[in-house]
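Data block below; observations after.
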Protein chains: 2
Amino acid sequence: MTITIAYIMAISVSLISFGVAYYFYLWVKKQPSSNETIHKIGDLISKGTSTFLRREYLLLARFAGVAAILIFIFLPSPIWTGNPSKNIIMAACYIFGTCLSAMAGKVGITVSTIANMKTAEAATKGIRPSFLSGFRGGAVMGMSVVGGTLLGVTIVYALTGGEPSAILGFSFGASSLALFAKAGGGIFTKTADISADIVGKVELGIPEDDPRNPAVIADNVGDNVGDVAGMGADLFDSNVASMAAALVIASSLGKGDFQVMVFCYAAIGLLASAVGVLAARMGKNASPTLALNMSTYVTTGIFAGLTAIATWLFNFEWRVWGAMTVGLLVGTVIGVVSDYFTNDNKPPVRYVANASKTGPAFTILSGMSYGFLSVLPSMIGIGVSALAAYKLCEPLATTPDQAASFGMFGIAMAAVGMLSIVGMVISNDAYGPIVDNARGLVEMGHLGDKALDITDSLDSAGNTVKAVTKGFAIGAAGLTIIALLGAFMSQVNVAVDQLNAEAGKILYEKIISFDLLNPLVFFGLLTGAAIPAVFSAMLMLGVDRNAQRMVAEIHRQFREIIGLKEGKEGVTPEYNKCIDIATVGALKELVPAGVMAIVVTLAVGFIGGVQAIGGFLAGNIVSGLLLALFMSNAGGLWDNGKKFIEAGNHGGKGSDAHKAAVVGDTVGDPFKDTAGPSLNTQVTVVSLVATLMATLFLTTNLMNLF
Amino acid sequence: MTITIAYIMAISVSLISFGVAYYFYLWVKKQPSSNETIHKIGDLISKGTSTFLRREYLLLARFAGVAAILIFIFLPSPIWTGNPSKNIIMAACYIFGTCLSAMAGKVGITVSTIANMKTAEAATKGIRPSFLSGFRGGAVMGMSVVGGTLLGVTIVYALTGGEPSAILGFSFGASSLALFAKAGGGIFTKTADISADIVGKVELGIPEDDPRNPAVIADNVGDNVGDVAGMGADLFDSNVASMAAALVIASSLGKGDFQVMVFCYAAIGLLASAVGVLAARMGKNASPTLALNMSTYVTTGIFAGLTAIATWLFNFEWRVWGAMTVGLLVGTVIGVVSDYFTNDNKPPVRYVANASKTGPAFTILSGMSYGFLSVLPSMIGIGVSALAAYKLCEPLATTPDQAASFGMFGIAMAAVGMLSIVGMVISNDAYGPIVDNARGLVEMGHLGDKALDITDSLDSAGNTVKAVTKGFAIGAAGLTIIALLGAFMSQVNVAVDQLNAEAGKILYEKIISFDLLNPLVFFGLLTGAAIPAVFSAMLMLGVDRNAQRMVAEIHRQFREIIGLKEGKEGVTPEYNKCIDIATVGALKELVPAGVMAIVVTLAVGFIGGVQAIGGFLAGNIVSGLLLALFMSNAGGLWDNGKKFIEAGNHGGKGSDAHKAAVVGDTVGDPFKDTAGPSLNTQVTVVSLVATLMATLFLTTNLMNLF
């Protein structure tokens, strides 16, 4: 297979996936929705979502503009030293990446704000049509995001002739936008969720999604901007970064056939996802969880089979195929672990629910403890898979000094393998907030208890699957960023060769290792490890501050709007005030954390040079994975612990155990939906910044002075 | 200066410090104590403390016996392959280390259970005599622990002629006992503290230290076994490990003059501490915090001056002196950072106290966030100091291949420098639980409000200083374990030389790096980083389970003992039942976590060999430091946030903000007093196990099969 055929294959599959997405979009639009209340509320949600997204994108456009100018001036090498056309290309690719990432979010929320109404209405007819509306709504997002990834990477790679700086610029564009979109969406959604719960559930004892609650629409808007738009941007960025890492390493090795494999396997993954998504249906007596899992299994099976055939047909390296399969396997392991720690049928959730009887302190302590325990199997799994993928591909090297790069390519392919079925993963993931919203619409539209039961069971399936897909996303990011460490080394060595050739003598030494006994590496390691903690803290404090503002506003409305608390006919709260607070607050709080991560990376690089950055990236990866797994699992555990009690255990709703569990859930919310999932992106962005700046860090740093 | 003179100097200073300790002990004993109630309660505390310690030491003796037998059979090399006399010496040194560590705890609690009564009684006479009783009680511990360290290390080193395996065995003995003593004491103290608070303060609204509370004596016993005995064993072990790391590296370099410097500087540090402790007094209008800090400054000043003179007089290397001074400086930085995040005059505590008004979830979220923020300056500080110390000592190498070892020696000396004033640190630290206990005795003995005010203010000074000394202990452990990574490499390379010489050919390659791009190192890094999280989780779950048992027992007593709740004359609770629950539970829960850490280390070593262990140690250090700093600072912050509210802010005692702050404090208790401070020891133990097993990991591992 030549690279041109691989490009054509990738582009064709992208177009197919867009076709599937469009078909689903039309199908969802065609579903009936006649209830007027639902329409009215749905419009409010849709309008709030669009407003936030517009304002967020306006802010980010300015950020991206500044970044593009900086890239144009300084990267891949300062404009006065190198080839300006390369700078223009890189800046253009960067902007292209941000635009595609933004579009991923936009498409997702456009369809999800329609699908939620259809799903709510369909719930009056039964669980099967309701499930299908929710799932196909999510699949629009899944198919278009992954189609966009593949199309974008292919276009950039084909047009620039496989220029590494261009693909890295594109990936950085996708990631930097995702970083802010996730952080902003995460702060918005948890501000609204926590505030609505605290005043509604805890203080006043009114049900979730009660229309009297001024924050209820903001809460639904939050589901869209946080879980749909944010998660879409996040997986878009992981997906691009994994391909970028594999392509950059392959290009530094001059292995054209490896590049072909990356495109070919990625295309097959998308094709398999499309089939899986089309096949997804609830059986007569089946549960929605089973239907979601079944379609994932179908996708995985098709993918493994088709890639094996392709490998045999086109004479690809079986070792690379093996590395990719290792990635798929470990994705499953992490999923199973996440499920064990967050499923309310398993001991951890039961233990925490039981501990809640003694008070909120025990809910927190036991939940945190299980969160900490949950990291071990996943960390070992990622470590073992990296080791296996590396060892599989290392023997492909023809000269010993290339062994490390071949090994790192194996790790990158494991990440590609794990992300190959990402179309399916995003579809499952976007299903969650759609049915969550649908549940709210059923409640607010008074569609009856039967419909509420149906959306409740769809929602619960969404929660279970969500924990698994989150583990998946973290694992994939983990492998991607380990591979990016390899890409960083490749880029440094390419620069070394170039600079030495220009100077006609040995100016710089090639990097052959990042040695833990080198104190620069260790200094980087310690600093890098602190960044995810600081980043999480800044986001959580953002939520904390913002939620306090919103709680004050909700209190004001209940105090000042006469008849609101009593639910007097015709009295509605000022929903927009709450949406506005969440919007303004999120926009204010989203910037500092992301900028901090980037600035510290630059500082470490310009102070300690490439060795310090090597340690910095490793420390960042390790502590980022640790905290992301911990936060995501602890948060999921608390959420389901609360749900378990609400289902009537340990005294049920309103009991002391329930109050304690609500505290746990409130702490867990920003863990699992703000800080935890943003950490992937933070680590990816930092890795990409380092890789982009490789040459500058090599030539310009404080340590060079000694 | 010859090594013999250095030995004599070290032994003489040890004897002086024992003299100072004995003088203080007699002084404390001589102080009046006539109040009968206090005597009765003091005896109960003393008896409970001794009982726990005896049962704990009996359990640990069995553990140590098994470990000694294993060492005898397998270390430094299996008895059938090497020189059996070396094995006997190592096992003997190991036992010697455990005995000294145990004695450090025993001495501490013997005097603290007397000093608390004297301090309580002295409080009726004024703050200055009361302060002096508390401080001198603590100083007995400080002087005897550090005297014991120096004497023990000197004896082992002198008698074995500087055999590295002997000193490592001694250090491992000290650390392994400290690991279990800290964990056991930490579980005991927090079980009792949390249970007493939950039922007493939260449910019944009775004051702290109310004699009606069945857990009140157990709480006081906990202060002794956790904070006094545990902290004593912990700092004993850090102190020994830092000297061991420096000595092992110096010996592998064949640098006798470096060994002389280690003993000389350590002796000067102890001398300076003795002078500082003797000089400590409260001025007329001074605060106890100032008195504690002043004596630390005096010690530091004397130390810096005397070591400079010694360096000049004996022609020591100024670069080594510089590395040591860097350690002292960074210790101060970490102290200042800890103070900022935990002092109730500073913004973080104020913010968390204010957030508590919105409920416990916000107390937790904001406290955790500040805990995460607090790690950055300290991690950077440790990284920079390691870098500076390394770069200072690297140029002392005469051949390039020794540069890394010289650099690592610099880091070890920075740790020695940071720990040089440890005699002072322990004195300050042991002061805390003594005055805390004294406060309880004043309350229970009805010594009047004035005395209560005095002990309150002494207690508060203890809390502030404690946060600083904890930061100090963590920083010192951090540098020590980085140096132990160097010691591990030295030991591996010594083994490589020996094995190759025996075989007459190159069987193994020397280690020159632990490369982050090596997937074995990365696998180790990820696994090692997960261990501190799992270790903390196991300890916290231990506290959680144990506290639930004790809360049930307290409820039973209040239900079944008639007249107890009403405080009827002559009705006393069954204090011993609670002490017994805490004892049995702590002994049950202390073993698994420590054993887990050791077993995983062995597994990684036998699977991945020395490269995997190199990564494992680095991952362990990074995540251990991260979590220890986070937990210690967040815990201190919540504690002082609660105290700030209790001082009458935000509604004071009994308000909703106070209830939320109590939840924060309850979560923070096992953070700062169980898991956090045990992490140092966990990381040290793991590093020592790896260093001891270096030869076996080199020759016997799964990767050798490939």
Side-chain angles (χ1 to χ4, degrees), chain A residues 198 355 358-362 364-366 368-370 372-373 375-376 379-380 382-384 386-387 390-391 404 407-408 482 485-486 489 513-517 519-523 525-527 529-530 533-534 536-537 540-541 544 548 551 614-615 618-619 622-623 625-626 630 663 666-667 670, chain B residues 198 355 358-362 364-366 368-370 372-373 375-376 379-380 382-384 386-387 390-391 404 407-408 482 485-486 489 513-517 519-523 525-527 529-530 533-534 536-537 540-541 544 548 551 614-615 618-619 622-623 625-626 630 663 666-667 670:
Chain A
I198 282 192
T358 332
F362 289 94
I364 301 293
L365 278 174
S366 55
M368 286 192 63
S369 300
Y370 278 111
F372 277 135
L373 287 180
V375 304
L376 185 67
M379 296 280 273
I380 292 181
I382 295 170
V384 167
L387 181 58
Y390 187 102
K391 290 283 172 197
M408 280 292 170
I482 297 175
L485 190 61
M489 186 193 62
S513 69
F514 297 110
D515 180 7
L516 285 171
L517 295 170
L520 276 170
V521 174
F522 218 96
F523 158 73
L525 194 72
L526 288 170
T527 309
V534 174
S536 316
M540 291 198 295
L541 283 174
D544 189 289
Q548 289 187 33
V551 165
V622 166
S623 110
L625 281 176
L626 183 79
F630 159 63
V663 172
T666 310
V667 171
Chain B
I198 282 192
T358 331
F362 289 94
I364 301 293
L365 278 173
S366 56
M368 285 192 63
S369 301
Y370 279 111
F372 277 135
L373 287 180
V375 305
L376 185 67
M379 296 279 274
I380 292 181
I382 295 171
V384 167
L387 182 57
Y390 187 102
K391 290 284 173 196
M408 281 291 171
I482 298 175
L485 190 63
M489 187 193 62
S513 69
F514 297 110
D515 179 8
L516 285 170
L517 296 169
L520 275 171
V521 174
F522 218 94
F523 157 73
L525 194 72
L526 288 171
T527 309
V534 174
S536 316
M540 291 199 294
L541 284 174
D544 188 290
Q548 289 187 31
V551 166
V622 167
S623 110
L625 280 177
L626 183 78
F630 158 63
V663 171
T666 310
V667 172

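Lettering of chains follows the sequences in order, A, B, ..., and the numbering in each one begins at 1.
Contact annotation for A:F362: both backbone and side-chain heavy atoms come within less than 4.5 Å of a heavy atom of chain B. When heavy atoms are compared at a cutoff of 4.5 Å, A:L541 approaches chain B by way of both its backbone and its side chain. Residue B:L376 touches chain A through both its backbone and its side chain, counting heavy-atom pairs closer than 4.5 Å. Interface residue B:I198: only side-chain heavy atoms are found under 4.5 Å from chain A. Of the two parts of B:A404, neither the backbone nor the side chain holds a non-hydrogen atom closer than 4.5 Å to a non-hydrogen atom of chain A. Heavy atoms of A:M408 lying under 4.5 Å from chain B belong exclusively to its side chain.
Each of B:D515, B:I482, B:V521 was scored for a side-chain contact (heavy atoms from CB on, under 4.5 Å) with A:L516, with one residue passing: B:V521.
The choice from A:T527, A:V384, A:L365 that makes the most heavy-atom pairs within less than 4.5 Å of chain B is A:L365. No other option in B:T666, B:L625, B:V551, B:I364 has as many heavy-atom pairs under 4.5 Å with chain A as B:I364. Contact count versus chain B (heavy atoms, under 4.5 Å) is highest, among A:V375, A:V534, A:I380, for A:V534. No other option in B:S513, B:G614, B:S536 has as many heavy-atom pairs under 4.5 Å with chain A as B:S513.
Residue B:A355 comes nearest to A:D544 through the heavy atom pair CB-OD1, 4.5 Å, listed as atom of the first residue, atom of the second, then distance. In terms of heavy atoms, B:L526 sits closest to A:M379 at O-CE, 3.4 Å. Shortest non-hydrogen contact noted between A:L626 and B:A530 is CD1-CA, 4.1 Å. The shortest heavy-atom contact between A:L387 and B:L520 is CD1-N, 3.8 Å. The shortest heavy-atom contact between B:L525 and A:A618 is CD2-CB, 4.2 Å. Nearest heavy-atom pair, A:Y390 versus B:P519, reported as atom, atom and distance to 0.1 Å: CD2-CG, 3.0 Å.
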task = Any chance you could lay out the side-chain contact (heavy atoms from CB on, under 4.5 Å) test for A:F523 and B:I382, step after step, and finish with the verdict?
result = CA-CA 8 Å; A:F523 158 73; B:I382 295 171; over 6 Å; no
request  = Go through the steps to decide whether B:L517 and A:F514 satisfy the test side-chain contact (heavy atoms from CB on, under 4.5 Å), and finish with yes or no.
outcome  = CA-CA 7 Å; B:L517 296 169; A:F514 297 110; 3.7 Å; yes
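Atom CD of residue A:Q548 and atom OG1 of residue B:T358 lie 4.0 Å apart, to the nearest 0.5 angstrom.
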